[in-house]
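What you are looking at is a predicted structure, and each value in this text was computed from that prediction instead of being measured. Just so we're on the same page: letters track the sequence lines, and every chain starts at 1.
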Amino acid sequence: MALLEARDCALSFGGLRAVSGFGLSVDAGELIGLIGPNGAGKTTVFNLLTGVYVPDSGDIRFGDRSITGMAPHQINRCGIARTFQGIRLFPNLTAFENVMAACEHRSDLSMVGTVARSPGAEAERRRIEAECLALLDAVDLADRRDTPARSLPYGLQRRLEIARALATKPKLLLLDEPAAGTNPREKIELMEKIRWLRDDFGLAILIIEHDMKLIMEICERITVLDHGEVIAVGCPAEIKSDPKVIEAYLGEPE
Amino acid sequence: MPSLVRANAALLIGVALMWPLGAALPAVLNAYYLQIIVYIGINIILAVSLNLINGVTGQFSLGHAGFMAIGAYASAAVTMFAWPSGLPGGLWAALLAGGAAAAVAGLIIGIPTLRLRGDYLAIATLGFGEIIRVVIVNTESVGGARGLFGIPSLASFASVYACALICVVLLWRLVYSPKGIPLAAIREDEMAAAAMGIDTTRLKILAFMTGSFWAGVAGGLFAHFIGYIHTNSFTFLKSIEIVTMVVLGGMGSFSGAILAAIALTVLPELLRFGAEYRMIIYSILLIVMMLTRPRGLLGNREITTWLSSKLATAR
């Protein structure tokens, strides 16, 4: 059974049809790419999957339940975490606090226990702190733990966003242009990191990316979106030679 | 249980020390100074609790004086009409009741407004403060427009500062814990916070209720210190005064809120020489302050982190 299954989803803003007839299926542990020209509706799809928008029609299922219409925090608790295209960290919080903020709903820390410093709450706090530090370490940010997120270089902010998403213990991670604005060397590192994350955390990963080389190299399957509709699904080799994809990206032949 | 006592030993000793300190103070200070010091303590509770709502969680509340009023009247009602005279502990029961009443009011205001993002809370709390005032003025059983007389003077330096210490320490522990960091995350980016599984509505209401609770306690202390309360003490201007303390101290900073609470309580007294020009000088000082330090005295940092960074650079 598929981990995530979106069927026939449509969304319009007023008269503008942003997404229509969208379908996607992701299996556990898969690495899938979502590509398409600018304005094709890729980020809108992410917003649909994470509950920022509710589809006008269609159904999104995660595991054995429908998540259509759930609030973003509930969907996250089901096991879908995301990063944002235009990085949305908590700018004035430190790297460490950014990760810790994402641990909230998983801890059974009581408010009374916290303010009274009960032994149980203290143990739980230490456990969470250790976990956050391990996550920072996983993205090589442990030495920047006390730096406010806004003062981190761009590439590190991207990595911190991934660590923060991982702190919610997702089964599926949605990465919205993780390589945007990074240099070629960072891109290669990032590619390795994404593969490693998938294997080490046992995640399914769905990536939006403009960098074709990166997508073709790491993704097992690719879905191509144009004008809000899926125009092709397949393995990188199939996508590369698909006439519709070539047309969408390069325009119609004269 | 013993481990709980050990974890809180310093706090308990600090609270206990307030009583000998309170007994010793009248020997060195006259009643006027003592009264200002008590007002500082009450204002510290108000500023620190509003800081939890405005500064930390980023929800702009303009009704803190309203919650203070609820706490003042509810707690006065407990000691005057409900608590058997002669039985000790009346003040503490009254403060808990005042805080609880304010927290319940916070829940009622919070549920419809905190589900939304934006300035709805500011508008709702602004209206709420006025509603409370008008309701009290028209309730004859609590004195109505004449105010409520004859509240037993149970609060003193010791109980005010014991409460202030407990309030500051407990809220500090909350805010700088895994339970409190998500509150700051809501202030920083509510959409990202929700995407990270944070139930933003629930936490905003929780923070709002906690802040309102302490405003109620501060109101109860105020009522039992001066023994007479009138709605004029809890007007919109009082709410603005508390907001000013939070903004001036630096949004989100406990030490800033405390420093500003001290400064803004003492300043009007120091300016008494100016007679009718007093409020003008006060306003000018605020404007200069905002021009020179637009993010408040301490920004969103604590004096402890500031000191440790100074020490680190000096080394």
With a 4.5 angstrom heavy-atom cut-off, could you sort out which part of A:I128 is near chain B: side chain, backbone, both or neither?
side chain
Engaged part of A:L89 at the chain B interface, taking heavy atoms whose separation is under 4.5 Å:
backbone
Chain A contacts, top residue of B:A192, B:G180, B:A7 (heavy-atom pairs, under 4.5 Å)
B:A192
So, taking the atom named CD in A:E30 and the one named CG in A:L203, what distance separates them when rounded to the nearest 0.5 Å?
13.0 Å
A:D176 with A:K42: basic N within carboxylate O range, under 4.0 Å:
no
Heavy-atom closest pair, residues A:C9 and A:I60:
SG-CG1, 3.7 Å
Heavy-atom pairs under 4.5 Å with chain B: which of A:A121, A:P119, A:A116 has the most?
A:A116
Under a 4.5 Å heavy-atom cut-off, does chain A meet the side chain of B:N8, its backbone, both or neither?
side chain
Measure the spacing between CH2 of B:W92 and SG of B:C163 and express it to the nearest 0.5 Å.
4.5 Å
Look at the aromatic rings of B:W172 and B:F254 and report parallel, tilted or perpendicular, splitting at 30° and 60°.
tilted
With a 4.5 angstrom heavy-atom cut-off, which part of A:S118 approaches chain B: side chain, backbone, both or neither?
both
Could you walk me through whether B:S49 and B:H64 pass the side-chain hydrogen bond (donor to acceptor under 3.5 Å, both in side chains) check?
CA-CA 9 Å; B:S49 59; B:H64 225 48; 2.9 Å; yes
Cut-off 4.5 Å, heavy atoms of chain A, and the answer for B:L11 is neither
Return the option, out of B:L206, B:L183, B:L203, B:I186, with the maximum number of heavy-atom pairs under 4.5 Å with chain A.
B:L203
Ranking B:L171, B:D199, B:I198 by heavy-atom pairs under 4.5 Å to chain A gives rank one to B:D199
Salt bridge between A:E131 and A:K169, side-chain N to carboxylate O under 4.0 Å?
yes
Among A:I80, A:T83, A:L109, the residue with the most heavy-atom pairs under 4.5 Å to chain B is A:L109
